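Right, one structure below, let's go through it.
Everything numeric in this text was worked out from a predicted model, so none of it was measured.
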Amino acid sequence: MALPGKVLIVGGTQGIGRALADALGQDAVVWSRRTGVHAEDPASLAAALARDFADAPPFGLVHTIGDFVERPLLSTVRADQDHLVSSNLTTLLATVQAVVPAMAAARRGRVVLFAAAGVERQRAMTRAPLYFALKAAVAQIGRSLAAEVAPQRLTVNVISPGLIEHPHSHQESQRRMMPRVPLGRLGTAQDRSEEHT
């Protein structure tokens, strides 16, 4: 089925973002540091929007940036804190504020954000508390944004994937969590709804 416009994938050079970009082919526009766009920088985002969407805003916005650091709260150093906040939250807020107003003005569009499995549970996440706190914030931002842009006919969805295998995944954490996976294998960025063989 032909899409009514381009899909902007922010962070589409690895992992799930890369798989989505590959699947969409020419319908995808990828923004990342590798393509010269700094998603935490409003000026960089505005320039990219003017360059890549001069004629019409994207129909879809997918934000996939979100680095992971596994470290207990009391031993989380400032450098890791700053990096996690920038990667998981600052890039999302800057991207949404740069792109969604144009989509809302066009009165059409789909926004997809990525949180993480488990963020809805009210329990301690002792191995990576800051990461999961930020992903819980992503889920809340998604709810709030959905309510804000619904009158402009935009939809907002938050996906919370579990363990996904790709070259940049945290392999030690995944090996430890594998016994809890009912299917007995890691997910892949290429998984579809049909049975994976």
Do [X] and [Y] share a hydrophobic cluster, counting only Ile, Leu, Val, Met, Phe, Trp and Tyr and linking them when any side-chain heavy atoms are less than 4.5 Å apart?
{"X": "Phe59", "Y": "Leu49", "answer": "no"}
{"X": "Val119", "Y": "Leu134", "answer": "yes"}
{"X": "Ile65", "Y": "Leu89", "answer": "yes"}

Would you say that Arg110 contacts Met103 through its side chain, given a criterion of any heavy-atom pair below 4.5 Å between the two side chains?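 Heavy-atom side-chain distance check fails, nothing below 4.5 Å.
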Can you check whether Trp31 reaches Leu8 side chain to side chain, under 4.5 Å on heavy atoms?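 Yes, their side chains come closer than 4.5 Å.
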With sequence neighbours excluded, residues passing side-chain hydrogen bond (donor to acceptor under 3.5 Å, both in side chains) with Arg51: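 By the side-chain hydrogen bond (donor to acceptor under 3.5 Å, both in side chains) rule, Arg51 matches no residue at all.
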Using salt bridge (Lys or Arg N to Asp or Glu O under 4.0 Å) as the criterion, list what pairs up with Arg108, not counting sequence neighbours.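 Arg108 satisfies salt bridge (Lys or Arg N to Asp or Glu O under 4.0 Å) with no residue once adjacent residues are dropped.
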Determine whether more than 12 heavy atoms belonging to other residues, nucleotides or ligands lie under 6.0 Å from atom CZ of Arg107.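 Yes.
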Look at atom CD of Glu148 and say whether more than 12 heavy atoms of other residues, nucleotides or ligands are closer to it than 6.0 Å.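 Atom CD in Glu148 is not packed in, count stays at 12 or less.
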Look at the side chain of Ser44 and the backbone N and O of His38, then say whether any donor-acceptor pair between them is shorter than 3.5 Å.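 Yes, Ser44 side chain to His38 backbone: donor-acceptor pair under 3.5 Å.
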Before giving the answer on side-chain contact (heavy atoms from CB on, under 4.5 Å), spell out for Ile141 and Val96 the whole-Å C-alpha distance, their side-chain angles and the decisive distance to 0.1 Å. CA-CA 10 Å; Ile141 288 168; Val96 164; 5.6 Å; no
Identify whether the distance between the nearest side-chain nitrogen and carboxylate oxygen of Arg33 and Glu40 falls below 4.0 Å.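 Salt bridge present between Arg33 and Glu40.
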For Tyr131, all residues meeting ring-ring contact (aromatic ring centres under 6.0 Å, His included), sequence neighbours excluded: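 Applying ring-ring contact (aromatic ring centres under 6.0 Å, His included) to Tyr131 gives Phe68.
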Are Gln140 and Ser144 close enough that a side-chain donor and a side-chain acceptor fall under 3.5 Å?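 Indeed, the side chains of Gln140 and Ser144 share at least one donor-acceptor pair under 3.5 Å.
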Phe53/Val99 under side-chain contact (heavy atoms from CB on, under 4.5 Å): CA gap, chis, key distance, verdict: CA-CA 10 Å; Phe53 297 98; Val99 178; over 6 Å; no
Between Arg127 and Arg71, does the side-chain contact (heavy atoms from CB on, under 4.5 Å) criterion hold? Intermediate values first, please. CA-CA 6 Å; Arg127 292 185 183 275; Arg71 186 166 289 165; over 6 Å; no
